[in-house]
Colleague: 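I have a structure I would like to understand better, so I am pasting it below and will then ask my questions one at a time.
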Amino acid sequence: MAISMNWVKDYVDLEGVDLKDLANKITKAGVNVEGIISNKIDNLVIGYVEECEMHPDSDHLHVCKVNLGDKVTQIVCGAPNVRKGLKVIVACPGAVLPGDFEIKKSTIRGVESNGMICALYELGLEEKTDETYSKGIEELNDDAIVGEDPIKYLGLDDTIYNLDLNPNRNIDCTNHIGFAYEVASVLGKKVTMPDVSTNPIKDSIKGKFTVEVDTENCTLYNAKLVKDVVIKESPDFIKQRLVAAGMRPINNVVDISNYVMLEYGQPLHFFDKDKLGDKIVVRMAHENEKTITLDGKERTLNEKDVVITDGEKTVCIAGVMGGANTEVDNNTKNILIEAAIFNPFNIRYTSIGLDLRSEASLRYERGLNYEYTSLALERACHLLEKYADGKVLSDTITVDNVKKVVKEATVTLDDVNNLLGMELTTKDMENSLNNLGFSYEKTGNSYLVTIPNRRLDVEANSADLVEEIGRLYGYDNIESKLPIGPTKPGKYVGNVAFRKLVSKRLRSLGLNETRTYTLISEEENKLFDYNRGNLIKLPNPMSSDKVIIRQSILPSLLKVVDYNKARNVKDICIYEIANVYYNEMDEDTKIAIAMRGNYLVNNWSGVKVKVDFYLLKGIVENILDYLGFKNRYSFVVNEINSMHPGMSAEILLDREPIGFLGRVHPNVKKDDIFVAEFSLNKLTSKNVKPIKHKEPSKYPEINKDLAFVVKKEVTVGELMTQIKKSGGRLLTDIDVFDVYVGENVKEDEKSIAFSLTFADPTRTLNDEEVMQVFNKIINDVETKMNAKLRG
Amino acid sequence: MKDLEKILEELQSKIVNVSSMNELNDLRVEYLGKKGSISMLSSKIAELPVEEKKTFGAELNKVKMTANELIDSKKNEIETKELNEKLANEKIDISLPSTKVTVGAPNILEKVIEDLEELLMSMGYDVVEGPEVEKDLYNFELLNLPKGHPARDAQDTFYITDETILLRSQTSPVQIRTMLANEEKTPIRIICPGKTYRRDDDDATHSHQFTQMEGLLVDKNISLANLKGTFDIIAKRLFGEDRETRFRPSFYPFTEPSVELDISCFNCGGKGCNICKGTGWITVGGAGMVHYNVLKNCGYDPEVWTGFAFGFGIERLTMLKYGITDCRTFYTNDLRCANIYDRKDVE
């Protein structure tokens, strides 16, 4: 919101007030003045064109001798309207014009030029349009004094505050009177309201015009008639102030409507009375009702939109946009002014629905002060009388259904000091209330405060008053105190601690933590389709790459792999733990891992641990063992979407599937990427035995090696299960030290070599009993697994 | 006797030139072996007169001992020499690159979250996370943001079903859930870190997915001064012991009064620089006293209970703390940056 401080000066005495200092004070009190723009430009003077000759080497440039008061200088000017005897604005060398354009001494086609004769738009004082451009340089009146500051002469020496408003203050601080009250609060001054007096003619609106309100969504409708207006240009001060506040001047009538809105915050609507007729009916629109708005577009309405009608046809979409059929134009003579309040929710609904959010609609939807509605109407009449030669008809038509509740709340000094933790005195508190312009009645310690209607954001509650008192008094005076009261040590609630343990373990295993987006594309969502639930798809996504709330993290991890590969990072070990969602509120936390390249490498020395299935399996096992699940999990072959059918497995915990691991299918990614994904929630829900010490055996172990030849389809896992079963209690460890196919082994067979360890924790084993077990193993495996001991 | 001395001299002169173990062994055999020249002399004892036997025997033993000493010392010398040669041969170039032993790096946002968690848990706050797919009721309505409230504009939200289920736009619903779930209505101290979502286009300072951490304390006799005391500790922990803090009046629908949380600029110390945009202060979060309507909505009587709530954007804190200028950095996961964060912070 842009506020013209020249305008504010109409309502609050700012004599001697430093506007930079004021901006700081206002910001500290909670209304953030984000920027201060001053129109002042150095090295700008009023000049008099004493001579004006054509440039010898150009068909449009002129060479001028310009009197600047203290000297006469030569300036080359390209404007068509430059001529001898004109008073003009001269930017001398050193002047910096908007856009950081510094004026320097120069030579234009061989002729020296010591400055620039300016148009208003070049000084940022007017918008640059075709119209202002074709106007050429600004021609000042004869009363302009050569050598003086032209901006001051034009009355444009304004200071503009750019406000960055919070949603509560964009009700009252988006108009100049409201902001003037804030200024007055901070400075401890009073506000003078603008002149709303008129000299109405004898004719009354009553009997000539009727207003009917057929909906509860219009709580106030005031109307006045102004006759015989003359449409022309607005006076300079109105134009300048509108420009300062960021609006474009159009003509006196339209400008007055905008001016009053920027003054009171109350939007007005002007109808061409002669096009409108004698009647207004406010009602809800019919479903699919169509109307043409003043931008010439047809709009389709529904039952939630409030419309203004002439009893038959719609003449205005209430609070949003007027109709083309009753628009004020250059021939308009008689005006019906509407000053109304509509239900903010309806205006919000309509303006968002039609994508027609305007300065007016925003003000309606934030809420309006009904006291200003009639004042704004009177003010508009006052200005029309003064600047548009209008004749104001006496009386006002009013349909008033506003519930006028006096907003009162009680606040005590204790309320203030208890909530703020400060030590204000009664006097501090009364000062703040007085400066705010909140009246109060004091009974004992308690203050019954009346909150003015202009502060719609302040509710009738002591906390709201405490905030107002506190912000004016200043939070700088708050002393830091820690809360007292019994304290227990903080803890992680739910599965958070568990997740962090897994996360740290994965990091200690060399995997880097990533963070990727929850929303993914439909294409990505097709990958790794494993044990899915119902999908959540956004009905109104922002873009096609953010449509689905993911149920697998792996598509995102593959993207991270690609991103890094493209940047020449070859060895990639990453993981992410994140929530995934099924149905609407069904949540799971998943652990996802992706790896490629080398896990450990030293190129010159030849140390190289390549990422493969077995490395990833080791990482998954390490995590599960760490969490206490040793001997409770297994890996089984199962076809999994997007995974290499021969290099992947499902992970079972207590025989129940929790996820999968393996190599990504070459159709998905050509290079060797190994991934795993499993449910964290399925891990947290399990009971685990406490850690218990186990003494290592004091007695010697006996090692024996053997190898079996089996059919290729027999898995090592099956062999080991049989060996363990046959080995019984004395077989304490089993390892595979060779897997061989090739010479001396048939084409459909393989040889697996095992190293077996035997021990008894209570005594030394003798060879004979070990041989007994060893032979049993050989015998069992040969007969049950169709294997042959390799000689 | 002369023979003995002569033999010893001979051995001494020969041993000087010995340079290997083999030569030394040969020498040992030549003099001390069974048929060695010294051993041979002992057979001469028998031929000597009785009175000379004793002295000769003693002399011979002395010579034997000296010869043994000479050989042993030469042996040591050779062994040392050989070991030194071996060691010299084993010399490596210690300037060659190491075998990189690494652990994984944390995501930098997680690092900042855990730093705050550790601090606040020590102050009695529980860490509570909540669902990212959330009800409008918890994300807005019970937070004093009824449907159609203009303040909802500031949080352009991803709706999943028509106005009832959404991707949470803030972590505040966890506060609501915690207050509602606490049936005994006892004091509460929680922090809620987590992912949040708004319909913003991703650029250097906006992200449709971002991370917040909110804190809530509900108890009796809690004031804005308690919030300030708590914020002081957080600010110093994150941005250094010499940080000063400031409250600026602000607005949030769920707090009353509401404040912006500012810290004195850690870069310029308050003089004004481009990080603090010349003001000497940096806004790092928002906070306030829990709104009476929110307390009421969650079953806490605002006449009895007061509380404060604060919220930080973790991305913003992290950007400030580590000098990151583009918040998309957090989500691209460029591993070339990973090792930057795999280290302890400066205290």
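A, B, ... follow the sequence lines: proteins, then strands. Residue 1 opens every chain. Note that the coordinates shown come from a computational prediction; the quantities given were computed from them, not determined experimentally.
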Colleague: Under a 4.0 Å threshold between the charged nitrogen and the carboxylate oxygen, would B/Asp126 count as salt-bridged to A/Lys488?
Modeller: yes

Colleague: Heavy-atom distance under 4.5 Å to chain B: side chain of A/Ala497, backbone, both or neither?
Modeller: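 For A/Ala497, no heavy atom lies under 4.5 Å from chain B.
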
Colleague: Pick one of side chain, backbone, both or neither for A/Arg567, based on which atoms fall under 4.5 Å of a heavy atom in chain B.
Modeller: both

Colleague: With a 4.5 angstrom heavy-atom cut-off, could you sort out which part of B/Arg199 is near chain A: side chain, backbone, both or neither?
Modeller: both

Colleague: Throw together a table of side-chain donor-acceptor distances under 3.5 angstrom for residues 102-110 of chain B, partners on residues two or more places apart or in other chains.
Modeller:
unit_1   : atom_1 : unit_2   : atom_2 : d
B/Asn107 : OD1    : B/Leu109 : N      : 2.9
B/Glu110 : OE1    : A/Arg515 : NH2    : 3.0
B/Glu110 : OE2    : A/Lys500 : NZ     : 3.2

Colleague: Tell me, with the steps shown, if B/Val127 and A/Val493 meet side chain to side chain contact (heavy atoms under 4.5 Å, CB included).
Modeller: CA-CA 6 Å; B/Val127 179; A/Val493 175; over 6 Å; no

Colleague: At a 4.5 Å cut-off on heavy atoms, which part of A/Glu479 comes close to chain B: side chain, backbone, both, or neither?
Modeller: backbone

Colleague: If you measure only the distance, is there a donor-acceptor pair under 3.5 Å linking the side chains of A/Asn602 and B/Thr99?
Modeller: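 B/Thr99 and A/Asn602 do have a side-chain donor-acceptor pair below 3.5 Å.
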
Colleague: For A/Tyr581, which atoms come within 4.5 Å of any heavy atom of chain B: side chain, backbone, both, or neither?
Modeller: side chain

Colleague: Quick check on the interface: out of B/Arg189, B/Arg248, B/Lys100, who has the most heavy-atom pairs with chain A under 4.5 Å?
Modeller: B/Arg189

Colleague: Taking every heavy-atom pair that is under 4.5 Å apart, which of A/Asn603, A/Val560, A/Asn568 has the most such pairs with chain B?
Modeller: A/Val560

Colleague: Could you tell me whether the side chain of B/Phe247 reaches within less than 4.5 Å of the side chain of A/Arg471, counting heavy atoms only?
Modeller: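 They are not in contact (no side-chain heavy atoms under 4.5 Å apart), so the answer is no.
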
Colleague: Of all heavy-atom pairs between B/Pro249 and A/Lys28, which one has the smallest distance, and what is that distance?
Modeller: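 It is CD-O, 2.9 Å.
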
Colleague: Closest heavy-atom contact between B/Pro131 and A/Glu587?
Modeller: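 Taking B/Pro131 first and A/Glu587 second, the nearest heavy atoms are CA-OE1, 3.3 Å.
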
Colleague: Under 4.5 Å between any side-chain heavy atoms of B/Lys147 and A/Phe345, yes or no?
Modeller: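 They are not in contact (no side-chain heavy atoms under 4.5 Å apart), so the answer is no.
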
Colleague: Please classify the contact of B/Ile113 with chain A as side chain, backbone, both or neither, using a heavy-atom distance under 4.5 Å.
Modeller: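 For B/Ile113, the side chain is the part near chain A, not the backbone.
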
Colleague: For A/Val31, is it the side chain, the backbone, both or neither that has a heavy atom under 4.5 Å from a heavy atom of chain B?
Modeller: neither

Colleague: Would A/Thr518 and B/Glu132 count as a side chain to side chain contact (heavy atoms under 4.5 Å, CB included) if you check the C-alpha gap in whole Å, the side-chain angles of each, and the deciding distance to 0.1 Å?
Modeller: CA-CA 10 Å; A/Thr518 303; B/Glu132 295 154 43; 3.9 Å; yes

Colleague: Does any backbone or side-chain atom of A/Pro541 lie under 4.5 Å from a heavy atom of chain B? Answer side chain, backbone, both or neither.
Modeller: backbone

Colleague: If you count heavy-atom pairs under 4.5 Å between each of B/Phe308, B/Tyr292, B/Tyr125 and chain A, which one has the most?
Modeller: B/Tyr292

Colleague: Exactly one of A/Leu419, A/Asn418, A/Leu420, A/Val466 should register a side chain to side chain contact (heavy atoms under 4.5 Å, CB included) with B/Leu224. Which one does?
Modeller: A/Leu420

Colleague: Could you tell me if the side chain of B/Leu335 sits less than 4.5 Å from the side chain of A/Ile572, heavy atoms only?
Modeller: yes

Colleague: Give a yes or no answer on whether the side chain of B/Glu129 reaches the backbone of A/Val496 with a donor-acceptor pair at less than 3.5 Å.
Modeller: no

Colleague: Does any heavy atom of chain B fall under 4.5 Å from the side chain of A/Leu511, the backbone, both, or neither of them?
Modeller: backbone

Colleague: What part of B/Asp202 is in contact with chain A, defined as an atom under 4.5 angstrom from a non-hydrogen atom: side chain, backbone, both or neither?
Modeller: side chain

Colleague: At their closest point, which heavy atom of B/His208 faces which heavy atom of A/Leu519, and how far apart are they?
Modeller: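 Answer, listing the atom of B/His208 first, then A/Leu519: CD2-CD1, 4.0 Å.
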
Colleague: Could you tell me which portion of B/Glu134 (side chain, backbone, both or neither) has an atom closer than 4.5 angstrom to a non-hydrogen atom of chain A?
Modeller: both

Colleague: Which bit of B/Ser207 comes within less than 4.5 Å of chain A, counting heavy atoms only: side chain, backbone, both or neither?
Modeller: side chain

Colleague: Does A/Lys304 NZ have over 12 foreign heavy atoms under 6.0 Å away?
Modeller: no

Colleague: Under 4.5 Å heavy-atom distance to chain B, tell me which part of A/Glu468 shows up: side chain, backbone, both or neither.
Modeller: neither

Colleague: Side chains of B/Tyr252 and A/Asn168: donor-acceptor distance under 3.5 Å anywhere?
Modeller: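 The criterion, which ignores hydrogens and geometry beyond distance, is not satisfied for A/Asn168 and B/Tyr252.
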
Colleague: Looking only at non-hydrogen atoms, find the nearest pair between A/Tyr475 and B/Pro257 and report the distance.
Modeller: OH-CB, 3.4 Å

Colleague: Which atoms form the tightest heavy-atom contact between A/Glu467 and B/Ser258, and what is the distance?
Modeller: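 Distance-wise, the nearest heavy atoms are OE2-N, 2.9 Å.
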
Colleague: Check whether A/Leu482 gets within reach of chain B through its side chain, its backbone, both or neither, counting any heavy atom under 4.5 Å.
Modeller: both

Colleague: Measure B/Leu217 against the heavy atoms of chain A and call it side chain, backbone, both or neither at under 4.5 Å.
Modeller: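 Just its side chain gets close to chain A.
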
Colleague: In terms of heavy-atom proximity below 4.5 Å to chain B, should A/Arg499 be classed as side chain, backbone, both, or neither?
Modeller: side chain

Colleague: Check whether A/Trp604 reaches the backbone of B/Leu96 with its side chain - one donor and one acceptor, N or O, closer than 3.5 Å.
Modeller: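 Looks like no, no N/O pair under 3.5 Å.
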
Colleague: B/Phe158 and A/Lys546: side chain to side chain contact (heavy atoms under 4.5 Å, CB included), yes or no, with the steps?
Modeller: CA-CA 11 Å; B/Phe158 288 105; A/Lys546 302 178 190 88; 5.7 Å; no

Colleague: Please report the closest heavy-atom contact between A/Ile478 and B/Ala225, naming both atoms and the distance.
Modeller: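 Distance-wise, the nearest heavy atoms are CG2-CA, 3.6 Å.
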
Colleague: Given that the side chain runs from C-beta out, which part of A/Pro489 has a heavy atom under 4.5 Å from chain B: side chain, backbone, both or neither?
Modeller: backbone

Colleague: With only heavy atoms counted, which part of B/Asn221 is less than 4.5 Å from chain A, the side chain, the backbone, both or neither?
Modeller: neither

Colleague: Which word best sums up how the rings of A/Tyr517 and B/Tyr331 line up, parallel for under 30°, tilted for 30 to 60°, or perpendicular for over 60°?
Modeller: parallel

Colleague: Below 4.5 Å from any heavy atom of chain B, which atoms of A/Lys504 appear? Answer side chain, backbone, both or neither.
Modeller: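 Interface part for A/Lys504: side chain.
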
Colleague: For the pair B/Asp334 and A/Tyr563, evaluate side chain to side chain contact (heavy atoms under 4.5 Å, CB included) and give the outcome as yes or no after the intermediate values.
Modeller: CA-CA 7 Å; B/Asp334 193 324; A/Tyr563 180 93; 3.7 Å; yes

Colleague: Given that the side chain runs from C-beta out, which part of B/Phe231 has a heavy atom under 4.5 Å from chain A: side chain, backbone, both or neither?
Modeller: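 B/Phe231 has no heavy atom closer than 4.5 Å to chain A.
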
Colleague: Which bit of B/Asp201 is near chain A, if near means a heavy-atom gap under 4.5 Å: side chain, backbone, both or neither?
Modeller: both

Colleague: Where does A/Ile549 contact chain B at under 4.5 Å (heavy atoms): side chain, backbone, both or neither?
Modeller: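 Side chain only.
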
